[in-house]
2 protein chains.
Amino acid sequence: MEGQLKRGLLDICVLAAIKSKDSYGYKMIKDMKPYIELSESTLYTILKRLENAGMLTVRITEHDGRLRKYYHITEAGLRRIEDFKAEWKEVISIYQYVMKEDCHE
Amino acid sequence: MEGQLKRGLLDICVLAAIKSKDSYGYKMIKDMKPYIELSESTLYTILKRLENAGMLTVRITEHDGRLRKYYHITEAGLRRIEDFKAEWKEVISIYQYVMKEDCHE
DNA sequence: AAATATACCTCGTGATATGATGTATATCAT
DNA sequence: ATGATATACATCATATCACGAGGTATATTT
């Protein structure tokens with residue numbers, strides 16, 4: 001997809017991916033793949049940003065001799081998802097404006 | 001609204017605003033205000049970008065002794081709107097992913 | 001005369017996504 | 001055994017972009 005539109009949804013997708021169950025980067029990419037594709041560099045950038053913003057916490061573990069970092073959503077992260085739902089209504093309103101203009105043809 | 005989400009919609013809104021009828025910057029801002037607010041600096045940046053991308057053409061006029069630049073959508077611009085409609089389906093798919101995860105609570 | 005509306009523009013800044021690249025271990029196929 | 005692929009993390013440079021601040025100029029309203 002064209003990228004621009006996706007941008008605003010990235011943070012929310014990542015938060016959604018860990019909302020009901022802690023997860024780690026590599027797994028998140030695979031889980032989200034059917035819905036939204038993002039590279040590792042993009043995801044780790046986002047995870048770092050969300051961590052700095054207090055939206056999630058990190059727990060380092062070891063699995064089969066490999067490093068694995070589990071991410072856990074915080075209260076602030078949950079609130080961010082709630083805020084998104086409100087913003088989504090505005091997005092729909094904008095979409096309707098575009099469609100309205102589109103139908104004047 | 002949060003900004004990030006709006007980003008991907010800005011170009012499309014501007015194209016939609018001139019789709020059925022040529023318009024000019026100052027008017028577009030007022031027309032779009034109920035749906036999406038954008039500053040003059042933002043709009044003129046976008047108009048310049050869309051012009052460079054061949055999505056619209058410009059016609060300079062004079063009105064009451066004041067400069068006025070009318071923008072006209074091109075074939076490429078119309079195609080951009082069509083592409084957006086396809087992308088929108090992906091956006092909805094992503095939204096549903098977020099909501100799905102949200103309901104596991 | 002002053003304030004507001006109309007109408008355009010540029011520059012600097014901060015935020016951001018992404019490709020390229022790197023590190024390291026485990027597993028699988030030949 | 002060895003080479004490829006999968007797992008799993010990270011950083012850096014770059015390009016794009018929205019936006020506030022500030023600027024220019026004329027017409028209309030108070």
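In what follows, chains are A, B, ... by sequence order, proteins preceding strands, each numbered from 1.
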Review point. Between B:Leu38 (CG) and D:dC19 (P), how many Å, whole number?
Key: 7 Å

Exercise for review: For residues A:Val58 and A:Tyr71, report the shortest heavy-atom separation together with the two atoms involved.
Suggested key: CG2-CE2, 3.6 Å

Check your understanding: Does one hydrophobic cluster hold both A:Leu10 and B:Ile92, with members joined at side-chain heavy-atom distances below 4.5 Å?
Key -> yes

Exercise for review: Start with the C-alpha gap between B:Arg59 and B:Tyr70, add the side-chain angles, then the distance that decides, and say whether side chain to side chain donor-acceptor pair (under 3.5 Å) holds.
Suggested key: CA-CA 5 Å; B:Arg59 171 170 47 89; B:Tyr70 275 94; over 6 Å; no

Review point. Are A:Tyr26 and A:Leu43 in one and the same hydrophobic cluster, where Ile, Leu, Val, Met, Phe, Trp and Tyr link if side-chain heavy atoms are under 4.5 Å apart?
Key: no

Check your understanding: Among the nucleotides D:dC19, C:dT18, C:dC8, which one has an atom lying closest to any side-chain atom of B:Thr42?
Key -> D:dC19

Exercise for review: Treat primed atoms plus P, OP1 and OP2 as sugar-phosphate and everything else as base, then score nucleotides 23-30 of chain D 5' to 3': B for base contact with protein heavy atoms under 4.0 Å, S for sugar-phosphate contact only, - for none.
Suggested key: ---BS---

Practice item. Mark up nucleotides 12-17 of chain D, 5' to 3', with B wherever a protein heavy atom is under 4.0 angstrom from a base atom, S wherever such an atom reaches only the sugar-phosphate, and - elsewhere. Key: -----B

Check your understanding: Could you give the CD-to-C1' distance, from A:Glu62 to C:dA26, as a whole number of Å?
Key -> 12 Å

**Study point:** Whole-Å gap separating C1' (C:dC8) and CD1 (B:Ile60)
**Key:** 10 Å

Check your understanding: Closer than 4.0 Å, any side-chain N/O of A:Tyr26 to the OP1 or OP2 of D:dC9?
Key -> no

Review point. In chain order, what residues pass the side-chain contact (heavy atoms from CB on, under 4.5 Å) check against B:Glu75, with sequence neighbours excluded?
Key: B:Leu78, B:Arg79

Review point. Is it true that a side-chain atom of A:Lys6 and a backbone atom of B:Ile94 form a donor plus acceptor pair closer than 3.5 Å?
Key: no

**Study point:** By side-chain contact (heavy atoms from CB on, under 4.5 Å) - contacts of B:Thr45 (at least two apart)
**Key:** B:Arg49

Check your understanding: Rounding to a whole Å, what distance do you find between A:Leu47:CG and D:dA8:P?
Key -> 14 Å

Point to revise | Residues that A:Tyr35 engages under side-chain contact (heavy atoms from CB on, under 4.5 Å), provided they are two or more places apart | key: B:Ser93, B:Tyr97, B:Lys100

Practice item. Scan A:Lys69 against the nucleic acid and name what it touches under 4.0 Å (heavy atoms): base, sugar-phosphate only, or nothing. Key: sugar-phosphate

**Study point:** B:Glu37 CD - D:dA18 C1' separation (whole Å)
**Key:** 15 Å

Check your understanding: Among residues 27-35 of chain A, which residues get a heavy atom nearer than 4.0 Å to DNA chain D?
Key -> A:Lys30

Check your understanding: So do the side chains of A:Ile73 and A:Met55 get within less than 4.5 Å of each other, counting heavy atoms only?
Key -> no

Practice item. Give a yes/no on whether any side-chain N or O of A:Tyr44 is located under 4.0 angstrom from OP1 or OP2 of D:dA10. Key: no

Exercise for review: Would you mind reading off the distance between B:Lys48 atom NZ and D:dA18 atom C1', rounded to a whole angstrom?
Suggested key: 18 Å

Check your understanding: What closest approach, in Å, do A:Ala17 and A:Met28 show between heavy atoms, and which atom pair accounts for it?
Key -> CB-CE, 4.0 Å

Review point. Between C:dC8 atom P and B:Tyr71 atom OH, what is the distance in whole Å?
Key: 6 Å

**Study point:** Option passing side-chain contact (heavy atoms from CB on, under 4.5 Å) with B:Arg68 (candidates B:Lys27, B:Glu62, B:His63)
**Key:** B:His63

Practice item. Give the rounded distance in Å between these two atoms: CG of A:Leu50 and P of C:dA15. Key: 15 Å

